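These figures come from a predicted structure and were not determined experimentally.
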Amino acid sequence: MIPASLRTLLDDTDGQRRAEWHGREIWLANETWGELVVSLQGAQVLHYFPAPDAAQAAGASPNAPETARTADALPNAPEAARAAGALPNAPEAARAAGALPNAPDAAQAAGALPTDAAEAPEGMAAGGWLWVTPTPQDPPGAIRGGIPLCWPWFADEHTADESADRSGPLHGPARKAAWRLDAVDKHEEGVELHLSPESRLHSQLTPRAVIQANANRLHVELITEHTGETPVKMSGALHTYLAVTDAFGCRLEGLPGARYLDKLAGFAEREQQGELGVRGALDRIYHSNAELTLDDGNRRLRIARQGSDSAVVWHPGDDALPADTPAEVGRHFLCVEAANTRLDPVWLVPGAQHLLGTTLSRAEDA
């Protein structure tokens, strides 16, 4: 679920291009395999939407089922389809055929929508596996949503903070920094992006990001290289905001028996009893490297992690939503994060590298 303004930019994209959104440069892809949006502020994935299988077989974008695609009923369709009124502002006949971006039950059955299109709050557009707030902070503020890169520390774990009093920004400088797009490897099945910061963010540590997307999965890597002379203790996270029908109706599978720190109870250590059902505010760091499955009642997503023995699960609850998150969209995300925390900090020695990764896929595809 993404802001309608971002949906509009995607609908105007055929292939790949750059554009500006809320004062930031973004890179967009709208291809037969699906959609991807990355902000060059923070190297942050904002949107990923794989094409449903039926549409994929017909060479479709994820915004329309096979019947609409075979009729050339997409925004960039030829004049014959345009003349027939089969564009996003088409009449009810086209809508009945499933030719609009907010596709009906057929697309939902294929796992294309996180919620029924009619239920999308004002200013938002249904569709996609990630959630982004419709009211992001102005630059240089961080964008809430997508997959922010928390580096080289996470939350209040400032061990790699080089400021005199360790008062650096929450989650480190990477998510607000300007990144350059170093390479785009486009192929028929998907795309791979390589990004690096435009300026140095740490005197000894150098990060780079790799983003891979295709019709089956989204994979994000944050790679850290130690180029200095003394060991550094670091933490970090891929702070993934997953789009869900209702956060308080979600079930996260894969954590029974795992120990966790409950941040809402002063970091009390506890053990997970059974599968995790989200019913209200929570902020937990699970000591586990298990693959997880998120079930929001509409679709099941598998979440695999690399280089991480901490899984952070967070939702602030209805009464503590951040200032940049309107109440009407506050329950449409749940954060499930690949992380290195106080439970599994990373010590890097000169010349060493560390890879922190996360992979999202449909549970039935994995």
Name the one of Val37, Val191, Leu195, Ile211 that satisfies side-chain contact (heavy atoms from CB on, under 4.5 Å) with Trp27? Val191
Checking side-chain contact (heavy atoms from CB on, under 4.5 Å) between Glu25 and each of Val38, Leu181, Leu40, which is the one that passes? Leu40
Enter the distance from Gln41:CD to Lys176:NZ here, rounded to the nearest 0.5 Å. 8.5 Å
Before we go on, tell me: are the rings of Phe154 and His171 under 6.0 Å apart, centre to centre? yes
Heavy atoms of Ala213 and Leu218 approach each other most closely as CB-CD1, 4.2 Å
If we count only N and O atoms by modelled type, under 3.5 Å, do the side chains of Glu31 and Gln16 hold a donor and an acceptor together? yes
Checking Glu192 against His194: is there a side-chain donor and acceptor pair closer than 3.5 Å? yes
Considering only heavy atoms from C-beta outward, does the side chain of Met124 approach that of His332 to under 4.5 Å? no
What is the distance from atom CD of Glu35 to atom CG of Leu10, rounded to the nearest 0.5 Å? 4.5 Å
Leu242 pairs by side-chain contact (heavy atoms from CB on, under 4.5 Å) with which of Asp296, Ile303, Ile147? Ile303
Heavy-atom pair of closest approach, residues Trp179 and Ala174: NE1-O, 3.1 Å
Can you see which heavy atom on His158 is nearest to which on Pro169, and at what distance? CE1-O, 4.1 Å
Taking the side chain from Thr358 and the backbone from Ala338, do they hold a donor-acceptor pair closer than 3.5 Å? no
Do the numbers put Arg144 on top of the ring of Phe333, so that NZ or CZ is under 6.0 Å from the six-membered ring centre and no more than 45° off the axis? no
Under a 4.0 Å threshold between the charged nitrogen and the carboxylate oxygen, would Arg342 count as salt-bridged to Asp156? yes
Over 12 foreign heavy atoms within 6.0 Å of CD, Glu122: no
Tell me whether the rings of Phe49 and His47 are parallel (<30°), tilted (30 to 60°) or perpendicular (>60°). perpendicular
If you count every heavy atom of other residues, nucleotides or ligands that lies below 6.0 Å from Asp319 atom CG, does the total exceed 12? no
For Asp138, I'd like to know if atom CG has over 12 heavy atoms of other residues, nucleotides or ligands within 6.0 Å. no
So, using salt bridge (charged side-chain N to carboxylate O under 4.0 Å, His left out) as the criterion, who are the partners of Asp318 when residues are at least two apart? Arg331
